[in-house]
Amino acid sequence: MMRPLPFLFLCAASLLASHSALAQCTANAGPNGYTICAGGPQQLNGTANGGQNPYSFVWTPAAGLSNPNIANPICTATVTTVYTLTVTDGNGDVCTDNITITVLPTADATLTSSNALFTVFNGVPTFYKCSANPNSLFFFDFGGTATAGATHTITWGDGSPNFTATGASWATQSHSYGQGIYSLTYTITQPNGCNDTQIYSVFLGTNPAGALVNPGS
């Protein structure tokens, strides 16, 4: 016996309404945004609701993300970026959301020297020279970046008092080292919390016998 047509219409309407409810997926890229120092890292936490499992996640642009095809990549952006999270559910329905990653100016604790040679020795950036004198002056110059109000600290590594200065940069500094190799630490502490620390080696060898070798003097 055939069912009445109105019943068939009701069944069809019910199925359409059920699919419509499932199709309403929503993507959530997280809070309104994050403020980070250049390079972060900051984990993003994307989620999806409604629609039909399984969900696929795609973040764009991919630059600065550890994996743009997962819900929670690690962000190491170096410039302010708006990321879009696109979610596709099991029915093929698509939903999106955005998040802004604001990158603050970062410090760069780079040193240069006008009277010493430079190399990378055992993986450490190294200033070096040879001299017949048991002590020699090394001149150091600011070669990185910092913002106004930043605090600069150099720990010379030979037990002498630290050098400190405040500002975007500082004037050439000289420091006397004896023969041997020393570990110099340069730290920039910025008002915005974006800091940088670099470790250098400083080597003074004898002339002509001393040399920067490993092991040895």
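Count residues from 1 along the sequence.
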Partner set under side chain to side chain contact (heavy atoms under 4.5 Å, CB included) for T102, not counting sequence neighbours: T35, T80, T100
Taking only residues two or more places apart in sequence or in another chain, which ones pass side chain to side chain contact (heavy atoms under 4.5 Å, CB included) with D196?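 D196: side chain to side chain contact (heavy atoms under 4.5 Å, CB included) contacts with A107, D108, A109, Q198.
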With rounding to the nearest 0.5 angstrom, report the [atom1] to [atom2] distance, [X] to [Y].
X	Y	atom1	atom2	value
T106	I188	OG1	CD1	8.5 Å
I199	T187	CD1	OG1	8.0 Å
W156	H175	CH2	NE2	6.0 Å
N49	C25	CG	SG	9.5 Å
D89	N53	CG	CG	8.5 Å
H152	T164	NE2	OG1	10.5 Å

For the hydrophobic clusters of this structure (ILVMFWY residues joined by side-chain heavy atoms under 4.5 Å, transitively), does one cluster hold both [X] and [Y]?
X	Y	value
Y128	V202	no
Y55	L65	yes
I70	Y83	no

Shortest non-hydrogen contact from [X] to [Y]?
X	Y	value
N192	P105	ND2-O, 2.9 Å
V103	C37	CG1-C, 4.2 Å
P41	I74	CB-CG2, 3.6 Å
N28	D97	CA-OD2, 3.5 Å
A29	I99	O-CD1, 3.5 Å
P125	F118	CB-CZ, 3.5 Å

For N98 and T96, what are the C-alpha separation, side-chain angles and deciding distance, and is it a side-chain hydrogen bond (donor to acceptor under 3.5 Å, both in side chains)? CA-CA 7 Å; N98 297 326; T96 63; 5.7 Å; no
With a 4.5 Å heavy-atom cut-off, do [X] and [Y] have their side chains touching?
X	Y	answer
F121	S201	no
L85	L44	no
F203	T119	no

List the steps and the verdict of side-chain contact (heavy atoms from CB on, under 4.5 Å) for K129 and L117. CA-CA 6 Å; K129 61 180 178 177; L117 298 174; 5.8 Å; no
Is there a donor-acceptor contact under 3.5 Å from the side chain of S160 to the main chain of D158? no
For the side chain of N133 and the backbone of N135, is there at least one donor-acceptor N/O pair under 3.5 Å apart?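 No; judged by distance alone, with no hydrogens or angles, the pair does not exist.
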Donor-acceptor pairs under 3.5 Å, side chain of residues 137-149 to any protein atom, not counting sequence neighbours: which ones?
{"residue": "D141", "atom": "OD1", "partner": "T172", "partner atom": "OG1", "Å": "2.2"}
{"residue": "T147", "atom": "OG1", "partner": "Q190", "partner atom": "OE1", "Å": "3.0"}

Aromatic rings Y182 and Y177: how do their planes relate, parallel, tilted or perpendicular, breaks at 30° and 60°?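 If you compare the ring of Y182 with that of Y177, the planes turn out tilted.
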Between T197 and the options T153, T185, T155, the side-chain contact (heavy atoms from CB on, under 4.5 Å) test singles out T185
Can you name the ring-ring contact (aromatic ring centres under 6.0 Å, His included) partners of F57, sequence neighbours left out?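 For F57, no residue satisfies ring-ring contact (aromatic ring centres under 6.0 Å, His included) once neighbours in sequence are set aside.
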Residue list, ring-ring contact (aromatic ring centres under 6.0 Å, His included) with Y200, at least two apart or on another chain: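 Once residues adjacent in sequence are excluded, the partners of Y200 under the ring-ring contact (aromatic ring centres under 6.0 Å, His included) criterion are F127.
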Say whether N195 and T189, considering side chains only, have a donor N or O and an acceptor N or O under 3.5 Å apart. no
For the residue pair N115 / S113, report whether a side-chain donor-acceptor contact shorter than 3.5 Å exists. yes
Which other residues belong to the hydrophobic cluster containing V58, where Ile, Leu, Val, Met, Phe, Trp and Tyr are joined when side-chain heavy atoms lie under 4.5 Å apart, directly or via other members?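 Hydrophobic cluster check, V58: no partners found.
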